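Small disclaimer: the values here were computed from a predicted structure and weren't measured.
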Amino acid sequence: ATEEEHSQRAFSAAEAGIEQVLKNNTSTSGSFTNNTSYTTTISTLEGQEFLMNNGTPILKDDATDLWLSTYPTYATPWNGTLTVYWGSASEQCTTSEQSDTLAALELILVTGDRNSPEVAQYALDPCSQRVNANQFEYINAGGKTINGKALRFRKTISVTSGLLMRIVPLYGEAVIGVTGCNGSGGNCNVFPAQGTVISSVGSVGEVQRKIVGFRENPKLPIQFFPFVLFSPK
């Protein structure tokens, strides 16, 4: 009973640490009169490869944005070859509403000048039994392990003056990884900052609880994409 109480108090302290980081935007530590304490760290999600949303699955029909330019000014547009990875071995090709349905992806690539951007769209599906109906591009390319997560499928795209890529899972949720490299792992470039990863550890005596949160850069309004979003058949 004492360990359970300490666990709950440590969890509450970790939550308080997350709230302090969100408020002050800096790493911090603190303690309370009930002998609980917290220590937080904040880091930037950026680099040559990473999992979108810090590895949390993107929900079906939701979206995540890969920033290819510097938020919020759209400075330094990105040039290079990027590869998007998704799909796990436990997910299955089906159109039914199941938690383990293998997702298709819609990619919306925004490039060019911020005042007159160009938009390219890609509809990708690794399920051969679905592409006859939805007319998506069939993807059967090999995957990659990113941050310990094994992903089965990939799509490689050459980008010139990239501003942003919106990624939307269809049919099912998906863990999505990206690299600034071609499918063979060469010609790599670093992506700009995508947001911040917040880690908070709450402690009571020898009991510790850890919470990790991700604060992504704000998404572009959905109104920016009125003519390119669609629903699969």
**Leu124 vs Phe153 side-chain heavy atoms within contact, under 4.5 Å** = no

**Prompt:** Given Asn35 and Arg9, is the side-chain contact (heavy atoms from CB on, under 4.5 Å) satisfied, shown in steps?
**Reply:** CA-CA 9 Å; Asn35 296 321; Arg9 287 164 56 189; 4.1 Å; yes

**Request:** Could you check if a side-chain atom of Ile139 sits within less than 4.5 angstrom of a side-chain atom of Arg154, using non-hydrogen atoms only?
**Result:** no

**Request:** Consider only side-chain heavy atoms of I, L, V, M, F, W and Y, link residues closer than 4.5 Å, and tell whether Leu109 and Ile167 are in one cluster.
**Result:** yes

**Message:** Counting C-beta onward and ignoring hydrogens, is there a side-chain heavy-atom pair between Leu68 and Leu164 closer than 4.5 Å?
**Reply:** no

**Prompt:** For Leu163, does its backbone N or O pair with a side-chain atom of Ser69 as donor and acceptor, under 3.5 Å?
**Reply:** yes

**Request:** Answer yes or no: is there a donor N or O on one side and an acceptor on the other, between the side chain of Thr156 and the main chain of Asn182, under 3.5 Å?
**Result:** no

**Message:** Can you confirm whether Lys210 is buried at NZ, in the sense that more than 12 heavy atoms of other residues, nucleotides or ligands lie under 6.0 Å from that atom?
**Reply:** no

**Message:** Once rounded to the nearest 0.5 Å, what's the spacing between atom CD1 of Ile198 and atom CZ of Arg215?
**Reply:** 5.0 Å

**Asked** How long is the gap from CD on Gln48 to CZ on Phe191, to the nearest 0.5 Å?
**Response** 9.0 Å

**Message:** Quick check on the hydrophobic clustering: are Leu82 and Leu51 connected, directly or via other members, by side-chain heavy-atom contacts under 4.5 Å?
**Reply:** no

**Request:** Nearest 0.5 Å please: distance from the OG1 atom of Thr196 over to the CD1 atom of Ile42.
**Result:** 4.5 Å

**Request:** Locate the shortest heavy-atom distance separating Ser90 from Asp100; write the atom from each residue and the value.
**Result:** O-CB, 3.8 Å

**Item:** Distance-minimising heavy-atom pair for Leu102 and Cys127
**Value:** CD2-SG, 3.9 Å

**Item:** Short N-O contact, Lys23 and Glu19, less than 4.0 angstrom
**Value:** no

**Residue pair Gly142 / Tyr85: nearest heavy atoms and the distance that separates them** = O-CE2, 4.3 Å

**Message:** Can you give me the closest heavy-atom contact between Pro57 and Asn53, atom names plus distance?
**Reply:** O-ND2, 4.1 Å

**Asked** Shared ILVMFWY cluster between Val197 and Ile211, side chains joined below 4.5 angstrom?
**Response** no

**Asked** OG1 of Thr101 to CD of Glu91: how many Å apart, nearest 0.5 Å?
**Response** 8.5 Å

**Request:** Taking the side chain as every heavy atom from C-beta outward, state whether Ile157 and Val84 have any pair of such atoms under 4.5 Å apart.
**Result:** no

**Asked** Can you check whether Leu105's main-chain N or O pairs, donor with acceptor, with Trp86's side chain at less than 3.5 Å?
**Response** no

**Message:** Below 30° counts as parallel, above 60° as perpendicular, anything between as tilted: where do the rings of Tyr74 and Trp67 land?
**Reply:** tilted

**Straight-line distance of Glu49 CD to Thr83 OG1, nearest 0.5 Å** = 10.5 Å

**Message:** When you measure from the side chain of Gln208 to the backbone of Glu206, do you find a donor-acceptor pair of N or O atoms at a distance under 3.5 Å?
**Reply:** no

**Test item: Tyr38 and Gln20 side chains (from C-beta on) under 4.5 Å apart, heavy atoms** = yes

**Request:** In sequence, state the C-alpha distance, the side-chain angles, and the governing distance for Thr36 and Asn34, and then conclude on side-chain hydrogen bond (donor to acceptor under 3.5 Å, both in side chains).
**Result:** CA-CA 6 Å; Thr36 61; Asn34 61 353; 2.7 Å; yes

**Item:** Distance-only side-chain donor-acceptor flag, Tyr71 / Asp65, under 3.5 Å
**Value:** no

**Request:** Would you confirm whether Asn189, through its side chain, and Trp78, through its main-chain N or O, come within 3.5 Å as a donor-acceptor pair?
**Result:** no

**Item:** Side chains of Ser161 and Thr111, donor plus acceptor under 3.5 Å
**Value:** no

**Asked** What are the two closest heavy atoms between Ile18 and Gly213, and how far apart are they?
**Response** CD1-N, 4.5 Å

**Check: Gly143 main-chain N/O paired with Arg152 side-chain donor or acceptor under 3.5 Å** = no

**Request:** Indicate yes or no: at least one non-hydrogen side-chain atom of Tyr171 is less than 4.5 angstrom from one of Asn134.
**Result:** yes

**Request:** Could you tell me whether Glu46 atom CD has more than 12 heavy atoms of other residues or ligands within 6.0 Å of it?
**Result:** yes

**Asked** What about Phe50 and Ile58, same hydrophobic cluster or not, with Ile/Leu/Val/Met/Phe/Trp/Tyr joined at side-chain heavy-atom distances under 4.5 Å?
**Response** yes

**Asked** Does the side chain of Glu5 reach to within under 4.5 Å of the side chain of Val204, using non-hydrogen atoms?
**Response** no

**Prompt:** Hey, any chance Val212 and Met52 share a hydrophobic cluster, counting ILVMFWY side chains that come within less than 4.5 Å of each other, even indirectly?
**Reply:** yes

**Asked** Is a side-chain N or O of Ser200 found less than 3.5 angstrom from the main chain of Ala14, in a donor-acceptor match?
**Response** yes

**Asked** Can a salt bridge be assigned to the pair Glu137 and Lys155 using a cut-off of 4.0 Å between side-chain N and carboxylate O?
**Response** yes

**Prompt:** To the nearest 0.5 Å, how far apart are CG in Asn54 and CD in Gln194?
**Reply:** 11.5 Å

**Message:** Test your reading of the model: is there a side-chain donor-acceptor pair from Arg130 to the backbone of Thr94, 3.5 Å cut-off?
**Reply:** yes

**Message:** Donor-acceptor pair, distance only, cut-off 3.5 Å: does the side chain of Asn187 make one with the backbone of Cys181?
**Reply:** no

**Prompt:** What closest approach, in Å, do Pro169 and Asp62 show between heavy atoms, and which atom pair accounts for it?
**Reply:** CD-O, 3.4 Å

**Message:** Tell me if a side-chain donor or acceptor on Arg209 pairs with a main-chain N or O of Ser12 at a distance below 3.5 Å.
**Reply:** no

**Request:** Would you check if Thr76 and Pro192 make a side-chain contact, meaning some heavy-atom pair closer than 4.5 Å?
**Result:** no

